[in-house]
Amino acid sequence: YCNLTGQDCDYSLGSVDAFSCSPALQTCHAVRGRRVSSVARVNETNGNPTFVQSGHRYRFGVANCSGNGDLLMRRRAAGGSTIDTPVPVGHMEIRVGGTATIDARATAISNVAFGGWDNDINSSDSGWKQYTFWLDDNTATNDRAIFCVDLQQQLQMTDISSCFGSDLCPAGHSCTGSCYD
């Protein structure tokens, strides 16, 4: 995350309120956010794989490559109901879910506000749940499917500003203005 013209940044930093920051947001400020995920990928399986892991948010995808009909893409959060999605032969389905905590923090970094961009999200934060992902109806002779899960477990943030002697919350400032919480 940065606000430098021509800089190779994936996301803008302070894109909404950069000019109203107190202390001022400088063009040399930058933040690196690193998502830690648990990833599962099964290539062309004839079977019903299962993935069980805890995290905040997930992306779950299934491609039904061949076979005798629909397979079931199934997912469940701890304490919740099973959600089934039929996937016809030749189709792929992707579902995204879980807590919005990680996405909300990304918005906070973009705004440099709302409770501290530098508060990492770890496994003890709210929204952390055990998720189960699995397939059914993928065991006939010609059934083949691809099964992928990306379960976001943490977000680690670091101030990587290139400003000499300056960071996003400089010493001597309260850092409670419109941008620094």
Side-chain angles (χ1 to χ4, degrees), residues 1-2 8-13 15 30-160:
Y1 301 83
C2 66
D8 184 19
C9 293
D10 295 321
Y11 307 100
S12 58
L13 176 68
S15 58
V31 172
R32 176 176 291 129
R34 177 176 177 263
R35 286 183 177 174
V36 178
S37 299
S38 180
V39 178
R41 179 166 182 178
V42 177
N43 288 319
E44 290 209 33
T45 181
N46 170 254
N48 296 321
T50 299
F51 178 79
V52 181
Q53 190 65 265
S54 294
H56 291 287
R57 277 185 71 69
Y58 65 81
R59 288 183 296 242
F60 178 33
V62 173
N64 189 348
C65 304
S66 65
N68 64 352
D70 294 359
L71 60 78
L72 274 182
M73 168 184 182
R74 309 187 85 185
R75 62 197 188 281
R76 179 178 57 239
S81 300
T82 299
I83 301 171
D84 292 337
T85 304
V87 183
V89 174
H91 288 80
M92 180 171 190
E93 295 289 337
I94 298 173
R95 295 293 181 264
V96 177
T99 179
T101 303
I102 288 180
D103 290 340
R105 189 57 51 82
T107 301
I109 295 172
S110 180
N111 288 275
V112 199
F114 309 130
W117 61 267
D118 60 345
N119 294 334
D120 295 342
I121 297 172
N122 58 45
S123 60
S124 64
D125 287 325
S126 63
W128 180 265
K129 291 182 181 178
Q130 180 177 326
Y131 291 96
T132 305
F133 307 94
W134 73 101
L135 296 184
D136 272 344
D137 300 331
N138 189 51
T139 56
T141 303
N142 294 318
D143 284 352
R144 294 288 181 275
I146 297 174
F147 172 96
C148 302
V149 179
D150 174 11
L151 188 62
Q152 298 167 0
Q153 297 180 307
Q154 296 180 47
L155 180 62
Q156 301 167 348
M157 288 161 289
T158 308
D159 184 354
I160 57 168

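Here the structure is a predicted model, which is why all the values come from computation and not from measurement.
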Okay, side chain of [X], backbone of [Y]: is any donor-acceptor separation there less than 3.5 Å?
X    : Y    : value
S38  : L151 : no
N138 : L71  : no
N64  : G69  : yes

Exercise. Do I146 and R41 come close enough that some side-chain heavy atom pair is under 4.5 Å?
Worked result: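 The answer is yes; the side chains approach within 4.5 Å.
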Problem set entry | Student check: side-chain heavy atoms of F133 and M73 closer than 4.5 Å |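 In short, these two side chains do not touch, never coming nearer than 4.5 Å.
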Problem set entry | Residues in salt bridge (charged side-chain N to carboxylate O under 4.0 Å, His left out) contact with D84, at least two apart in sequence or another chain |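 So D84 forms a salt bridge (charged side-chain N to carboxylate O under 4.0 Å, His left out) with R74.
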For the atom pair [atom1] ([X]) and [atom2] ([Y]), what is the distance rounded to the nearest 0.5 Å?
X    : Y    : atom1 : atom2 : value
T85  : F60  : OG1   : CZ    : 8.5 Å
E44  : S66  : CD    : OG    : 7.0 Å
Y131 : F51  : OH    : CZ    : 12.5 Å
N122 : W128 : CG    : CH2   : 8.5 Å

Exercise. Should we say atom CZ of R95 is surrounded by more than 12 heavy atoms from elsewhere, each under 6.0 Å from it?
Worked result: yes
Exercise. Using a distance-only test with no angle check, is there a side-chain donor-acceptor pair under 3.5 angstrom linking T82 and R76?
Worked result: yes
Quick one: closest heavy-atom pair of [X] and [Y], and the distance?
X    : Y    : value
D143 : G67  : OD1-CA, 3.0 Å
P86  : P88  : O-CD, 3.8 Å
L135 : A145 : CD1-CB, 3.9 Å

Problem set entry | Residue pairs involving residues 45-58 (criterion side-chain hydrogen bond (donor to acceptor under 3.5 Å, both in side chains); sequence neighbours excluded) |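 Listed by first then second residue: R57-D103, Y58-R75.
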